[in-house]
Amino acid sequence: MDKIQITGGRQLKGEVFISGAKNAALPLIASSILVDGVCTFENVPRLMDISSIRLLLEDLGASCKFEDHTFVVDGSGIDKLEAEYELVRKMRASILVLGPLVARFGKAKVSMPGGCAIGARPVNMHLSGLEALGATITIAAGYIEATAENGLIGNEVYFDIPTVTGTENLMMAAALAKGQTKLRNAAREPEIVCLADALNLMGAKISGAGTPVITIEGVNRLQGATCRVIPDRIETGTFMVAAAATRGDVIVRDCVPDHLGGVISKLKATGAMVKTFEDRIHIKGSETIKNIDIKTLPYPGFPTDMQAQFMALVTIAQGNSMIHESIFENRFIHANELLRMGADIKISGGNIANVRGVSHLQGAPVMASDLRASASLVIAGLIAQGTTVISRVYHMDRGYETIEKKFEALGADIKRISS
Ligand code: EPZ
């Protein structure tokens, strides 16, 4: 397994170009199942998760081509309606094939995704939403079986809590249902809007994406289209936090500042200078990093996917910072590794972290546990005195395209040690 070695102390300087968003590309690629034809998706990042969903689609019978960040799917050959455990266990987001399969074919069998390091990750809202649209759901031997022999019927669906992939699954399913569906308390992430825009290009009739109520008028069929993946707001935020933490001066290019309201506000509160332009953000770190309090919330609140990166930043802030992780039940695993680097963090009640700023971190061998935790450890390695070696970087390769090359281009002393 590869490792990443970082020698800290360098200020990041220069420009970094942001890739397409993993969490927009995955639902877009899944939506191609709805189409008896060819869909083309541009600006798709080259990531492990994209390879995983490609394997899954090809196993279902679709044919895929992925060259130079353009992903082409022909869904006309799909002749298998079962997403097997061996493929789903590699990537939980495979649950996103459930809605499209049952919408187009009236039947689907998908392995329960199971949990991951950050939490149990239930899919009960996906399933109750499909039942509201008339699907019959049974769970046996670790598989979800959904059937709707006469097709799905539009209905009202209310989410107890805004679920990103739940909203995406139901939006895709409702696109081919008979009649109108309203999704209430829907997730509002930019990735939801990106998917709605793509589905509308395919002939769907969706309005309200990005608001808590999404209305979908079902249509009989969708046709192939060419759609573009939005820039990755979490990759953008990750580089912004790294620039602030190293007191650097970085311009983040090909991004959407409007998608980063919470992140920009919190970075400014730490004392960083942040200037936004149409498709770029200029960020300069301040010598003194001020302490801040964070609570993760559904979009447009502060994103849970940026919590670990900010925790690394505030380990060297002046004073105490409090981080409240309200979305996932176990998303502080990175704290244990930061403690090994000399951070002062106390976890109370499972979802509150009190971080007392220290003068500096020390480089150490650490282990990545999940995608965003690995980004947190990279940032910690960049600011630590000495050398940090991060193991299990396959977690990072799932969601960040050539991240060590991008940091190296900004002046970091970072390299991949291939096993
Ligand atoms: C998406 O996960 C993202 N993944 C996650 O990014 C992100 O952290 C998360 O949204 C929150 O923003 C993709 O888009 C592929 P949720 P998702 O359903 O959809 C509970 C990353 O690092 N819930 O919005 O699985 C759930 O347990 C990943 O890129 C239910 O209880 O998250 C959580 O507490 C990590 N029942 C909350 O809702 C359900 O049926 C929000 O989860 C569904 C969710």
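Fair warning: this is a prediction, and the values are worked out from it, not measured in the lab. Indexing begins at 1, ligand by ligand and atom by atom, following the structure's order.
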- Just wondering, do Ser94 and Val110 contact through their side chains at under 4.5 Å, heavy atoms?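 No, too far: nothing below the 4.5 Å cut-off.
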- Would you say the side chain of Ser111 lies within less than 4.5 Å of the side chain of Glu84, judging by non-hydrogen atoms?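 Glu84 does not reach Ser111 side chain to side chain.
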So which heavy atom in the protein is nearest [atom], and how far is it from that ligand atom?
{"atom": "atom 36 (N) of ligand 1", "value": "Asn124 OD1, 2.7 Å"}
{"atom": "atom 31 (O) of ligand 1", "value": "Pro122 CG, 3.4 Å"}
{"atom": "atom 11 (C) of ligand 1", "value": "Thr304 CG2, 3.8 Å"}
{"atom": "atom 19 (O) of ligand 1", "value": "Thr165 OG1, 2.6 Å"}
{"atom": "atom 25 (O) of ligand 1", "value": "Arg121 NH2, 3.1 Å"}
{"atom": "atom 9 (C) of ligand 1", "value": "Phe328 CZ, 3.9 Å"}
{"atom": "atom 14 (O) of ligand 1", "value": "Asn23 CG, 3.4 Å"}
{"atom": "atom 41 (C) of ligand 1", "value": "Ile327 CG2, 3.8 Å"}

Heavy atom of [X] under 4.0 Å from ligand 1?
{"X": "Gly166", "result": "no"}
{"X": "Glu325", "result": "no"}
{"X": "Glu168", "result": "no"}

Salt-bridge contact [X]-[Y] (side-chain N to carboxylate O under 4.0 Å):
{"X": "Lys405", "Y": "Glu408", "value": "no"}
{"X": "Asp305", "Y": "Lys22", "value": "no"}
{"X": "Asp36", "Y": "Arg221", "value": "no"}
{"X": "Asp49", "Y": "Arg92", "value": "no"}

Counting from 1, what ligand 1 atoms have a heavy atom of [X] closer than 4.0 Å?
{"X": "Val123", "answer": "39 (C), 40 (O)"}
{"X": "Arg331", "answer": "8 (O), 22 (O), 35 (C)"}
{"X": "Lys22", "answer": "21 (C), 29 (O)"}

- Does the side chain of Thr304 come under 3.5 Å of the side chain of Glu325 through a donor N or O and an acceptor N or O?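 Judged by distance alone, the side chains do pair up.
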- State, without any angle test, whether Lys182 and Thr215 hold a side-chain donor-acceptor pair at a distance under 3.5 Å.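 On atom types as modelled, these side chains qualify, holding a pair under 3.5 Å.
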- Query: Can you tell me if Ser128 uses its side chain to pair, donor with acceptor, with the backbone of Asn124 under 3.5 Å?
  - Reply: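 Yes, the answer is positive, given that a donor and an acceptor are paired below the 3.5 Å cut-off.
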Side chain or backbone of [X] under 4.0 Å from ligand 1, or both, or neither, by non-hydrogen atoms?
{"X": "Val164", "answer": "both"}
{"X": "Arg372", "answer": "side chain"}
{"X": "His126", "answer": "both"}
{"X": "Gln307", "answer": "neither"}
{"X": "Asp305", "answer": "side chain"}
{"X": "Leu371", "answer": "side chain"}
{"X": "Ile161", "answer": "side chain"}

- If you round to the nearest 0.5 Å, how far is CG of Leu176 from CG of Leu222?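 These two atoms lie 4.5 Å from each other.
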- Query: Take atom CZ in Phe105; do more than 12 heavy atoms of anything else shown fall under 6.0 Å from it?
  - Reply: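 Check passes, neighbour count above 12.
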- Message: Which heavy atom of Leu313 sits nearest to which heavy atom of Ala244, and what is that distance?
- Response: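 What the structure gives for the nearest pair is CD1-C, 4.2 Å.
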- Give the ring-plane orientation class for Phe302 versus Phe310, where under 30° counts as parallel, over 60° as perpendicular and anything between as tilted.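 It falls in the perpendicular class, over 60°.
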- Message: Ala93 versus ligand 1: do any nitrogen or oxygen atoms come within less than 3.5 Å of each other?
- Response: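 Such a contact does not occur with ligand 1.
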- Message: With respect to Met125, determine whether any N or O atom, backbone or side chain, lies less than 3.5 Å from an N or O atom of ligand 1.
- Response: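 Indeed, backbone or side chain, Met125 has an N or O that close.
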- Task: Step by step, work out the salt bridge (charged side-chain N to carboxylate O under 4.0 Å, His left out) result for Arg233 and Glu191.
- Result: CA-CA 10 Å; Arg233 60 192 169 95; Glu191 293 77 27; 2.9 Å; yes
